[in-house]
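To start, the structure under review is shown below, and the notes come after it.
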Amino acid sequence: MAGRTDRAPLLDWAEAPGLSPVAEGPRGYGAGWSRTPPGELCPLPQLEDDHIAAVFVVTFDPRSGNIVEWCLPQDVDLEGVEFKSMASGSHRVQSDFIYFRKGGYFGLACFANMPVESELERGARMKSVGILSPSYTLLYRYMHFLENQVRHQLELPGHYTPLEAFYEDKKGVLPAGITPQSCQPSAHWLSTIHKHLYPEMKITHPAGCMSQFIKFFGEQIFVLWKFALLRKRILIFSPPPVGVVCYRVYCCCCLANVTLPGVGVTAPESKPFFYVNVADIGTLDDEVSYVACTTEKIFEQKQDLYDVYVDNQNVKTHLEHLQPLLRVNTADKEKYRRLNDQRQLLMYSQEVDGDCSSCEEDLFILFFMEQNNRIFQILLEVASSQDKTLTADHARSMGLDPQGDRNFLMDLLEVYGFDLMLVIDNPCCP
C-alpha cells in the first residue's frame, strides 16, 4: 500500500499478502484468490468466517522476563502465550514469526528486536504481536498486519489503537455449546476431506514453502513421508528463526494427504502443533500423533515424548522397530527421481509455453496425494478380494520396495485397520 507508514497501519488486515492466485477465486474476497490456509484443504466456493478470538502484545521485560503487556479481550486466558509467541533464543534474531497452539486455539505472532539506547532495557527492545483463532485457517492472512504492528509497538510502545480497531472488526463469538477444545482444525484429512472434495479444489500455501522443504531434505523427504503417513509423533528441532520451521511442520502434514472416502477412520488424528516449548511437555505426553517444532534442545533427551526427531537434515528415531524406515531404498530414489522429472517438465512448460496455470507447490502436494491414494486404493481392492493377500507385486504397484518397505507396509496395515495377509518374504529369514 503506497505511502503507508508503520505508525498508522489501520487497514493492513484487509490485505492478504500470502494468498495463492487461482483461476477462479471466491468473488467475495477478490477475483482470482483462494483463502485456504497452510495445511488445510477446502473447495473454492466455501467462504470462511474470519473470526479472531484474541489479540495480544508480548514484551521482554529485563526484570520479569516475557510478559503479556496488553490483550483483548482483557479476560482471555493467555497463560503460556508469552513464551509461545517469543521463542527461546529469539534475542539472537532481528525478526521472526511463530505459529503455535494454545488449548483449542491456534496462534500466529510476529516478533521483532530493536536496538535502543536504554540501560533499563539493556540495549534491546523485544516484542511480539499476535492473534488467536479457533482454526489456523486464516492466520497467515494477517501476517503483514502483525509485522507492521510489532514495529509500531517497538517505536511507539503503549499505542494500541490499531490493534483495538482490528479486534473490534474481527472478533468472533463461538456458537453456543462449542468450546475452544472442541473447535479443532480439519487436520484429519484422511477421514474428512472426501466430504468436501470437488474437482476445482485448490490447495494454497506460503509461496515456495513445499519446494524449499523438499530441496532441504532431498531424498529423505520419503523417510518423513512414511513417518507422517504412519501418524508418528514427529518433533523438528531448529534454532531461531522458527518461522520457516513452522512451515516445515505444515509441509510434513501435507505429505500424508489422502482423498479416498473411508480411509483413515481408525488412524489417529494428525495434529500440527507448530512451535512447542517445555511448557507443552504435559500436553505432548498425552498425544499419540503430532507434528511440532521447537528451539529447545532439551527435548532431544525426552524420548518418551516423540517417535521421530529431526535435527536440521538429520532424521532419527530411538525406536528400534522404526529404524529400518530411516533407510532410503531403491523405490524411494525412484520416486524422488520421478518427482524431480515432473518438476523439470513443469518448469519447461512454464518457460516455453508460458503456462502459468500450475505451480511447483501444487505439483509437489498433488504428487504425494496421488501416491497415497494409489497405495490405499490397492489396499482397499485387496481388502475386498476373497484371499485378502498382499504380495510383492502389489507393493511394486504402490511404488514401494517389497523388501525395503516391508516394515512400513506392516505398520501401515495396523495403523489403518486393514486385516490383510502380507506374503512378502523377508530375505533375512529363509
Side-chain angles (χ1 to χ4, degrees), residues 52-114 121-122 124-134 136 139-140 142-143 146-147 149-150 153-154 157 163 180-181 233 235-249 271-287 290-302 305-306 309:
I52 298 300
V55 58
F56 58 87
V57 178
V58 166
T59 190
F60 174 76
D61 185 286
R63 291 162 295 187
S64 307
N66 296 10
I67 60 172
V68 178
E69 72 169 60
W70 176 91
C71 67
L72 280 178
Q74 295 180 355
D75 60 349
V76 67
D77 175 17
L78 293 179
E79 182 181 358
V81 165
E82 66 269 29
F83 300 106
K84 292 177 180 290
S85 59
M86 198 177 287
S88 177
S90 289
H91 62 280
R92 299 188 186 97
V93 299
Q94 294 302 308
S95 62
D96 201 359
F97 62 93
I98 306 169
Y99 286 90
F100 60 90
R101 286 179 73 141
K102 163 62 177 170
Y105 291 105
F106 286 85
L108 170 63
C110 288
F111 165 83
N113 181 352
M114 184 178 78
E121 295 177 281
R122 299 179 186 175
R125 184 177 299 158
M126 292 177 280
K127 293 181 183 287
S128 282
V129 177
I131 54 177
L132 292 180
S133 173
Y136 60 97
L139 284 177
Y140 87 125
Y142 305 117
M143 178 86 75
L146 297 175
E147 288 174 339
Q149 281 303 304
V150 73
Q153 288 299 318
L154 288 174
L163 293 173
Q181 286 68 32
R233 299 173 299 168
L235 183 61
I236 304 172
F237 167 80
S238 176
V242 76
V244 66
V245 194
C246 289
Y247 282 159
R248 287 176 194 160
V249 170
K271 296 181 179 180
F273 268 75
F274 299 107
Y275 176 73
V276 295
N277 57 27
V278 290
D280 296 299
I281 286 177
T283 301
L284 294 180
D285 195 37
D286 295 331
E287 296 296 333
Y290 70 81
V291 185
C293 62
T294 188
T295 60
E296 300 184 17
K297 194 71 173 177
I298 192 173
F299 271 96
E300 186 174 10
Q301 303 170 19
K302 300 186 177 298
L305 294 178
Y306 62 83
Y309 188 83

Check your understanding: With sequence neighbours excluded, what pairs up with Phe56 under the ring-ring contact (aromatic ring centres under 6.0 Å, His included) test?
Key -> none
Exercise for review: Compare all side-chain heavy atoms of Phe299 with those of Leu305 and state whether any distance is below 4.5 angstrom.
Suggested key: yes
Check your understanding: Which atom names give the shortest non-hydrogen contact between Ile67 and Ser64, and what distance separates them?
Key -> CG2-CB, 4.1 Å
**Study point:** From CE (Met114) to CD (Gln94), nearest 0.5 Å
**Key:** 10.5 Å
**Study point:** Over all atoms of both residues, closest heavy-atom pair of Val249 and Ala292
**Key:** CG2-C, 3.7 Å
Exercise for review: Compare every heavy atom of Ala109 with every heavy atom of Ser85, then report the nearest pair and how far apart it is.
Suggested key: CB-CB, 3.4 Å
Review point. Can you check whether Phe60 and Phe111 have ring centres sitting under 6.0 Å from each other?
Key: no
Check your understanding: Any donor-acceptor pair under 3.5 Å linking the side chain of Thr295 with the backbone of Gly89?
Key -> no
Point to revise | pair Pro157-Glu69: side-chain heavy atoms closer than 4.5 Å | key: no
**Study point:** Heavy-atom side-chain contact between Tyr275 and Ser88 under 4.5 Å
**Key:** yes
Check your understanding: After noting the C-alpha distance and the side-chain angles of Val245 and Phe237, does the key distance pass the side chain to side chain contact (heavy atoms under 4.5 Å, CB included) rule?
Key -> CA-CA 8 Å; Val245 194; Phe237 167 80; over 6 Å; no
Exercise for review: Answer whether the closest heavy-atom distance between the side chains of Pro134 and Tyr105 falls below 4.5 Å.
Suggested key: yes
Practice item. Calculate, to the nearest 0.5 Å, the distance between atoms OG1 and CZ belonging to Thr283 and Arg101 respectively. Key: 9.0 Å
Check your understanding: Is there a side-chain contact between Leu132 and Leu78, using heavy atoms and a 4.5 Å cut-off?
Key -> yes
Check your understanding: For Ser238, which residues count as a side-chain hydrogen bond (donor to acceptor under 3.5 Å, both in side chains) partner, sequence neighbours excluded?
Key -> none
Review point. For the atom pair CD (Glu147) and CG (Asp96), what is the distance rounded to the nearest 0.5 Å?
Key: 10.5 Å
Study note, to complete from the structure: Across all chains, not counting sequence neighbours, the side chain to side chain contact (heavy atoms under 4.5 Å, CB included) partners of Phe83 are Asn66, Asn277
Check your understanding: Does any non-hydrogen side-chain atom of Leu146 lie less than 4.5 Å from one of Phe97?
Key -> no
Review point. Are Val242 and Cys293 close enough that some pair of their side-chain heavy atoms sits under 4.5 Å apart?
Key: yes
Point to revise | Separation of Lys127 NZ from Asn113 CG (nearest 0.5 Å) | key: 12.0 Å
Check your understanding: Once the angle between the rings of Phe273 and Tyr290 is folded into 0 to 90°, is it parallel (under 30°), tilted (30 to 60°) or perpendicular (over 60°)?
Key -> perpendicular
Check your understanding: Given side chains that start at C-beta, do those of Ile131 and Leu139 come closer than 4.5 Å, heavy atoms only?
Key -> yes
Review point. Relative to the ring of Tyr309, is the ring of Tyr306 parallel (under 30°), tilted (30 to 60°) or perpendicular (over 60°)?
Key: tilted
Study note, to complete from the structure: salt bridge (Lys or Arg N to Asp or Glu O under 4.0 Å) filter on Asp280, not counting sequence neighbours, yields Lys84
**Study point:** Qualifying residues under salt bridge (Lys or Arg N to Asp or Glu O under 4.0 Å), relative to Glu82, sequence neighbours excluded
**Key:** none
Practice item. Kindly give the heavy-atom pair with the smallest separation between Ala87 and Ser90, and that separation in Å. Key: O-OG, 2.6 Å
Check your understanding: side chain to side chain contact (heavy atoms under 4.5 Å, CB included) between Gln153 and Leu163: does it pass, once the steps are laid out?
Key -> CA-CA 10 Å; Gln153 288 299 318; Leu163 293 173; 4.0 Å; yes
Exercise for review: Any chance you could lay out the side chain to side chain contact (heavy atoms under 4.5 Å, CB included) test for Thr294 and Leu235, step after step, and finish with the verdict?
Suggested key: CA-CA 7 Å; Thr294 188; Leu235 183 61; 4.2 Å; yes
**Study point:** All salt bridge (Lys or Arg N to Asp or Glu O under 4.0 Å) counterparts of Lys297, not counting sequence neighbours
**Key:** Glu300, Asp311
Practice item. Please round to the nearest 0.5 Å and tell me the distance separating atom CD1 of Ile281 and atom CD of Glu296. Key: 8.0 Å
**Study point:** Interatomic spacing from CE in Met86 to OG1 in Thr59 - rounded to 0.5 Å
**Key:** 6.0 Å
**Study point:** Heavy-atom pair with the smallest gap, counting every atom of Cys110 and Val150
**Key:** O-CG2, 3.5 Å
Review point. Yes or no on side chain to side chain contact (heavy atoms under 4.5 Å, CB included) for Asp77 and Lys102, after CA distance, side-chain angles and deciding distance?
Key: CA-CA 9 Å; Asp77 175 17; Lys102 163 62 177 170; 3.7 Å; yes
